[in-house]
Number of protein chains: 2
Amino acid sequence: MGEEKILVVEDDKQIKKFIRYALEKEGYIYSGADNAQDALEILVTEDIQLILLDLGLPDFDGMEVLEKVREWADIPVIIISSRDQDEDKVKALDQGADDYLTKPFSIIELLARIRVAIRHINKLSTDNLKPIFTIGNLKLDVENHNFYREGERLHLTPMEFKLLEILFKNAGKVLTTQNIIRQIWGPGYGNDTQALRTLMAGLRRKVEENAAKPQYIITEIGIGYRLRDE
Amino acid sequence: MGEEKILVVEDDKQIKKFIRYALEKEGYIYSGADNAQDALEILVTEDIQLILLDLGLPDFDGMEVLEKVREWADIPVIIISSRDQDEDKVKALDQGADDYLTKPFSIIELLARIRVAIRHINKLSTDNLKPIFTIGNLKLDVENHNFYREGERLHLTPMEFKLLEILFKNAGKVLTTQNIIRQIWGPGYGNDTQALRTLMAGLRRKVEENAAKPQYIITEIGIGYRLRDE
DNA sequence: TTACTTTAATTAAATCTTTATAAAGATCAA
DNA sequence: TTGATCTTTATAAAGATTTAATTAAAGTAA
């Protein structure tokens with residue numbers, strides 16, 4: 001999130017500076033062009049995720065840039081223009097622009113519309129929001145709620161799954177029993193370490209080859225547990 | 001193309017009439033609601049492709065409609081509002097709206113922005129278009145609304161079909177009961193897991209050889225259901 | 001009507017908690 | 001270092017609780 005590279009095509013230095021400041025503050029990577037020629041150059045050499053395009057450029061009309069981009073890629077394009085005629089907006093939007101802002105515009109609106117555009121591309125690429133953890137021959141797919149050992153899917157109870165997820169999220173680190181208990185049973189739960197031990201025994205029976213000699217879930221006596229992560 | 005059904009949520013009869021005329025002239029199918037209540041009602045009963053939403057509604061705030069819709073589906077929403085404060089725009093766009101137009105707006109700009117939104121959903125749906133699902137000896141033809149087991153066509157009730165479609169679309173993943181309920185009955189529906197269980201029993205009787213030992217629709221106790229996908 | 005959906009009641013199953021006991025590790029005096 | 005003792009952890013099994021499946025009956029809409 002927030003690491004998208006945005007190309008700003010605008011000849012007014014003042015406005016460009018202003019936009020650059022706002023974008024970088026939000027965590028985006030900025031790239032700038034003063035004219036159509038440079039913009040197209042940057043587009044083929046850099047990995048741009050979104051374009052902010054002014055229509056009034058010194059060399060070509062911004063519409064030509066839009067046309068060239070659309071021949072070639074589906075990068076979202078937000079037009080920023082001083083032309084406020086409806087016909088201009090319609091033409092640009094039908095030419096493939098994703099949004100159209102008229103100058104002067106507020107920077108918070110611009111940023112919100114950038115977020116909308118990025119949401120759209122993320123939906124296209126069907127990003128996996130939740131990670132898939134893999135350690136040794138164990139695999140935990142949190143998104144789809146699946147656990148595999150040596151490629152074979154094994155059933156975990158809800159609490160076993162939750163416990164294993166906590167361990168995976170902190171792989172390599174030692175978690176205190178109290179910490180784990182609080183994460184599973186919530187705060188206000190007594191220090192019922194016995195319940196955790198029982199749960200742990202059941203989980204180990206499924207995770208480990210030999211539960212008596214754990215290879216993954218290591219006990220740190222007097223402290224808690226740790227998932228081996230080499 | 002041009003046969004999308006558009007829901008217009010707006011209490012001003014004048015504006016609604018105006019928009020209706022424009023939409024129908026463009027070949028869209030019009031559907032109208034005066035308030036939030038009716039809007040949600042229509043959303044669960046009709047197959048809506050796009051929503052034009054006024055924020056100033058008589059019963060609830062339009063933002064609540066937006067929130068409910070987003071809990072449940074990815075239908076594009078274009079806000080049409082007389083509130084022209086930047087903060088309102090940012091809030092709505094971040095809440096999941098796809099565009100924001102301030103009244104008074106020109107009808108040609110509205111139509112252009114509708115075309116942009118529809119372009120987006122068409123891009124989404126052509127990328128992951130799978131009209132006929134097959135798993136084991138089950139076949140689901142969503143396009144023609146047919147279900148086959150071992151080549152033999154079986155009748156499913158509308159809700160059974162919808163449920164099976166959801167399962168097929170997420171084959172291999174575990175779907176929570178709450179998630180399934182929302183997808184079938186729509187937003188604002190209580191956590192009536194019992195209705196789902198009954199529906200599931202009926203579906204299993206048709207899908208499974210032996211409903212007592214399901215081979216396809218697996219129960220993940222404490223979580224939800226999963227369609228086996230190997 | 002007829003087919004479908006929802007509600008309700010009963011039965012069944014899986015999961016969670018508790019308890020008892022065994023095993024492993026730590027401590028300390030001689 | 002050794003062995004007695006205490007502390008901590010592991011496992012198994014019984015009981016309690018939660019969750020799901022099934023069936024039948026009542027309500028709804030075409």
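Sequence lines set the chain letters: A, B, ... in the order given, protein chains first and strands last, and positions in each chain run from 1. Because the structure is a prediction, the values reported are computed rather than measured.
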Output yes when at least one side-chain N/O atom of Trp185(B) is less than 4.0 Å from OP1 or OP2 of dT5(C), else no. no

Base-contact (B) and sugar-phosphate-only (S) positions in nucleotides 6-11 of chain D, heavy-atom cut-off under 4.0 Å, - elsewhere: --SBBB

First encountered from the 5' end of DNA chain C, between Ala195(A) and His155(A): His155(A)

Could you give the CG-to-P distance, from Asn210(B) to dA21(D), as a whole number of Å? 14 Å

How many whole angstroms separate atom CG of Leu196(B) from atom P of dT22(D)? 13 Å

Ion pair present between Lys123(B) and Asp98(A), side-chain N to carboxylate O less than 4.0 angstrom? no

Rounded distance (Å) that lies between atom C1' of dA8(C) and atom CG of Asp192(B): 11 Å

Can you label the angle between the His120(B) ring and the His120(A) ring as parallel, tilted or perpendicular, going by 30° and 60°? tilted

Integer-rounded Å distance: dA20(D) C1' and Ile181(B) CD1: 13 Å

So, are Glu143(A) and Lys173(B) salt-bridged, with charged N and O less than 4.0 Å apart? no

Side-chain donor/acceptor of Arg113(A) to backbone N/O of Tyr100(A), under 3.5 Å: no

What is the separation between atom CG on Leu163(B) and atom P on dT5(C), rounded to the nearest whole Å? 11 Å

Quick one: Ile218(B) CD1 to dA14(C) C1', roughly how many Å, whole number? 15 Å

CA sep, side-chain torsions, deciding dist, call: Arg204(B), Thr219(B), side-chain hydrogen bond (donor to acceptor under 3.5 Å, both in side chains): CA-CA 11 Å; Arg204(B) 273 184 171 145; Thr219(B) 304; 2.7 Å; yes

Could you state the CD-P distance from Glu208(B) to dT22(D), rounded to the nearest angstrom? 10 Å

Side chains of Thr102(B) and Asp84(B): is there a donor and an acceptor less than 3.5 Å apart? no

Comparing nearest nucleotides in DNA chain C, the 5'-proximal residue of the pair Pro158(A), Thr157(B) is Thr157(B)

Please report, rounded to the nearest Å, how far the P atom of dT15(C) is from the NZ atom of Lys162(A). 16 Å

Salt bridge check: are Glu152(A) and Lys206(A) linked by an N-O gap of less than 4.0 Å? no

